Undergrad: 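To start, I am sharing the structure in question, which I have written as structure tokens.
We count ligands from 1, going down the list as the structure has it; atoms in each ligand are counted the same way. Treat the numbers as computed from the prediction; the structure is a model and nothing was measured. The basis for the numbers below is simple: all heavy atoms, side chains too, and nothing from hydrogens, waters or symmetry mates.
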Amino acid sequence: MMTIQDFKMFIDGEWVESSSNKKIETLNPENNEVWATVPEANEEDVNKAVIAAQKAFETTWGNLHPTKRAKYLRAIADELRKNAEHLGKIETIDTGKLYRETRTQANYIAEYYDYFAGLADKVEGTVVPIDKPDMQVTTVRIPIGVVAAIIPWNSQMLLTAVKLAPALAMGNTVVIKASELAPVTLLEFAKLIQNAGIPKGVVNVITGLGEPCGRALTTHNLVERIAFTGGPETAKHIIKNSAENLSQVSLELGGKSPVVVFDDADQENALNGITAGIFGASGQSCIAGSRLYLHAKIYNEFLDKLIEKAKRIKLGGPMNEETQMGPLNSFKQLKNIEKNIEATVAQGGKIRCGGKRSDISDKGYYFPATIIECDNHNLPAAENELFGPILSVMKFNDEAEVIDKMNDNKYGLSSGVYTSNFARGHRMSKAIRAGIVFINTYRLISPMAPFGGIKDSGYGKEAGIESIKDYTRIKTIWSNTSDKPMSDPFTMG
Ligand code: NAD
């Protein structure tokens, strides 16, 4: 029997319990046993964290020269590289994602801190070509203040980095709320923040439930900016909450990303890309390529190859180096997947492989790679985000038809096009209504490449050079350059 580990929150540079002393138990998705407890933050704890962040903003971080802030960001990057294995291990226990992936990702996330460190002292102001003689008007970019970063359970290190790194680089201070479904990784990350010597209060990590903790944070009157990643229903609460403190909001939400394979595509490349896109991380990825459109000419042949590949995927414990797909994160997800598959089959969907929970464990929720043929893409499994290893496959005949079908979904996060026709690849990239288009590849991220969706997938882009400006405000400075006194406003003529 594993001993249950107890963790504390990080507020104002101190490791603290919640003021109520209440705890949240967290499960290891490999076996659904409680492996850790974390504090359950309430309004009082949120208030302490936000006040600490505001104080740090006013007294240290907000006034620090950007070059100095950049040095701190590089120290975080160094800490991440040194501790990638440990963090990866914790994230795997926390989320059920493969250790092979979490440790590689923790290492790569360091690049985000280095990238934004590089940008920190390169954001410049402007001189406005003003239409008034004797006036000089300049603009400067200033930090916003306290940022609330709300993080979902998956890809926490990445989804924190794309918010925290630009926010800190520009002089903001941050309160991070970890997901109640996987709260420990970010508490361990807070230790690296401490090791990097970041002044107290600049970064605070709290753990709690959406209600009351998330709500208290996103309505707090000292919070000026909310950076949210999560599901669309939670996003609607966030927007309502922001009406209470009038804070700026960015939303990175879910997806039901379409992928098309034309008859001229390199099939081996497409098979690998599709497999990575939907079965990587057991499909628990916001950019999962979960709707597949196959050209009629290659439909049967390609689908057979894909099914054969999917059946070979090895399900197993996430720490095992041989495992290719780990467990689902929660019972709620399992139930949602089962409900959607059942409804799809009832409406004519044909399961070609997978389709029900694996019996490799009666504790963890292991779900095999599943492929469902659908006559139309309005069937539930083809239309709803399932956040699992479920691929819906549809047939198409021509380019215009598939463009209409790909765009016929409320989400618009990612998409994929497989073709050897360069011109067609470009045409498709213009026609698809999504924030990201992958051509002959899939599931790539970089600190340099903007990430985010359109339609119900949210608004605001994370990563990339522009995203740093989302953590600033423009201040306009008017200077009178005349030696003469201003004219009396009440003297006419
Ligand atoms: P979720 O929306 O349930 O929770 C996200 C966070 O919001 C959690 O920290 C939660 O505690 C908090 N929250 C819940 N209610 C709140 C409230 N009323 N006020 C403030 N905060 C509140 O999402 P999840 O289940 O953790 O993650 C899965 C979802 O996230 C999927 O829909 C997925 O597509 C999406 N996602 C999107 C991206 C992206 O970048 N576009 C990346 C990863 C995940």
Undergrad: Answer with yes or no whether the side chains of Arg81 and Asn107 bring together a donor and an acceptor at under 3.5 Å.
TA: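 The answer is no; no qualifying pair exists.
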Undergrad: Where the closest heavy atom to atom 29 (C) of ligand 1 is concerned, which of Ser155, Gly231, Pro212 has it?
TA: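 Looking at heavy atoms only, the winner is Gly231.
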Undergrad: Among protein heavy atoms, which lies nearest atom 27 (O) of ligand 1, and at what distance?
TA: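 Looking only at protein heavy atoms, the one closest to atom 27 (O) of ligand 1 is Pro152 CB, 3.3 Å.
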Undergrad: Among protein heavy atoms, which lies nearest atom 35 (C) of ligand 1, and at what distance?
TA: Gly230 O, 3.3 Å
Undergrad: Hey, is Lys256 close enough to Glu383 for a salt bridge, meaning N to O under 4.0 Å?
TA: no
Undergrad: Among all protein heavy atoms, pick out the one at the shortest distance from atom 17 (C) of ligand 1; state its residue, atom name and that distance to 0.1 Å.
TA: Gly210 O, 3.6 Å
Undergrad: Would the distance check show the side chain of Ser257 and the main-chain N or O of Ser414 forming a donor-acceptor pair, the cut-off being under 3.5 Å?
TA: yes
Undergrad: Where the side chain of Thr472 meets the backbone of Pro143, is there a donor-acceptor pair that is under 3.5 Å apart?
TA: no
Undergrad: For Asn329 and Lys97, does a side-chain donor sit closer than 3.5 Å to a side-chain acceptor?
TA: no
Undergrad: Does any donor atom in the side chain of Lys356 or Thr370 lie under 3.5 Å from an acceptor atom in the other side chain?
TA: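 No, no side-chain donor-acceptor contact under 3.5 Å.
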Undergrad: How far is atom 20 (C) of ligand 1 from its nearest protein heavy atom, and which residue and atom name does that atom have?
TA: Gly214 C, 3.2 Å
Undergrad: Once you restrict to heavy atoms under 4.0 Å, what part of Glu180 touches ligand 1? Side chain, backbone, both or neither.
TA: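 The answer is the side chain of Glu180.
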Undergrad: Taking atom types as modelled and ignoring hydrogens, do the side chains of His220 and Asn245 form a donor-acceptor contact shorter than 3.5 angstrom?
TA: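 Result is no, nothing qualifies.
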Undergrad: For ligand 1, which atoms, with element, lie under 4.0 Å from some heavy atom of Lys177?
TA: 9 (O), 10 (C), 11 (O)
Undergrad: I'd like to know if the side chain of Arg103 pairs up with that of Thr92 as donor and acceptor (distance under 3.5 Å, no hydrogens or angles considered).
TA: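 On atom types as modelled, these side chains do not qualify, holding no pair under 3.5 Å.
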Undergrad: What about Leu253: any of its N or O atoms under 3.5 Å from an N or O on ligand 1?
TA: yes
Undergrad: Could you tell me the residue and atom name of the protein heavy atom closest to atom 3 (O) of ligand 1, and the distance to it rounded to 0.1 Å?
TA: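 Among all protein heavy atoms, the one nearest atom 3 (O) of ligand 1 is Thr234 OG1, 3.7 Å.
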Undergrad: Just heavy atoms, cut-off under 4.0 Å: does Ile151 contact ligand 1 by side chain, backbone, both, or neither?
TA: backbone
Undergrad: I want to know whether Trp15 and Phe7 have ring centres closer than 6.0 Å.
TA: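 Ring centroids of Trp15 and Phe7 are no less than 6.0 Å from each other.
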Undergrad: Checking a contact table here: which protein heavy atom is nearest atom 33 (C) of ligand 1, and how many Å away?
TA: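 Nearest protein contact, heavy atoms only, for atom 33 (C) of ligand 1 is Phe387 CE1, 3.3 Å.
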Undergrad: Look only at interatomic distance and state if Trp153 has a nitrogen or oxygen under 3.5 Å from any nitrogen or oxygen of ligand 1.
TA: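 Yes; at least one N/O pair falls below 3.5 Å.
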Undergrad: Nearest heavy atom to atom 38 (C) of ligand 1 wins, so pick from Cys213, Ser330, Cys286.
TA: Cys286
Undergrad: Which part of Glu252 is near ligand 1, with near meaning a heavy atom under 4.0 Å away: side chain, backbone, both or neither?
TA: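 Contact part for Glu252 vs ligand 1: both backbone and side chain.
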Undergrad: Do the charged groups of Lys461 and Glu252 touch, with an N to O distance under 4.0 Å?
TA: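 A salt bridge is absent here (no side-chain N lies under 4.0 Å from a carboxylate O).
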Undergrad: I need the contact type for Thr229 against ligand 1. Using non-hydrogen atoms and a strict under-4.0 Å cut-off, is it side chain, backbone, both or neither?
TA: both
Undergrad: Quick one: do Arg443 and Glu101 make a salt bridge, cutoff under 4.0 Å?
TA: yes
Undergrad: Suppose we measure from atom 18 (N) of ligand 1 to each protein heavy atom; which comes out shortest, and what is that distance?
TA: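 Of every protein heavy atom, Glu211 OE2, 3.5 Å lies nearest to atom 18 (N) of ligand 1.
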Undergrad: Which ligand 1 atoms does Arg215 reach within 4.0 Å, using its non-hydrogen atoms?
TA: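 Reading through ligand 1 atom by atom, the close ones are 19 (N), 20 (C).
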Undergrad: Salt-bridge test for Glu188 and Lys191: reply yes if a basic N is under 4.0 Å from a carboxylate O, no otherwise.
TA: yes
Undergrad: Report the nearest protein non-hydrogen atom to atom 44 (C) of ligand 1: residue, atom name, distance rounded to 0.1 Å.
TA: Asn154 OD1, 3.2 Å
Undergrad: Among side-chain atoms of Arg74 and Tyr72, is any donor-acceptor pair under 3.5 angstrom?
TA: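 No pair is found: no donor N or O on one side chain lies under 3.5 Å from an acceptor on the other.
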Undergrad: Would you kindly specify which portion of Glu385 sits under 4.0 Å from ligand 1, judged on non-hydrogen atoms: side chain, backbone, both or neither?
TA: side chain
Undergrad: Below 4.0 angstrom from a heavy atom of Leu413, which ligand 1 atoms are there? Numbered from 1 as shown, please.
TA: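 In order of numbering, the contacting atoms are 41 (N).
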Undergrad: Can you name the atoms of ligand 1, numbered from 1 with element, that are less than 4.0 Å from a heavy atom of Gly254?
TA: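 Counting from 1, the qualifying ligand atoms are 34 (O).
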Undergrad: Looking at Asn241, which atoms of ligand 1 are within less than 4.0 Å of one of its heavy atoms?
TA: 19 (N)
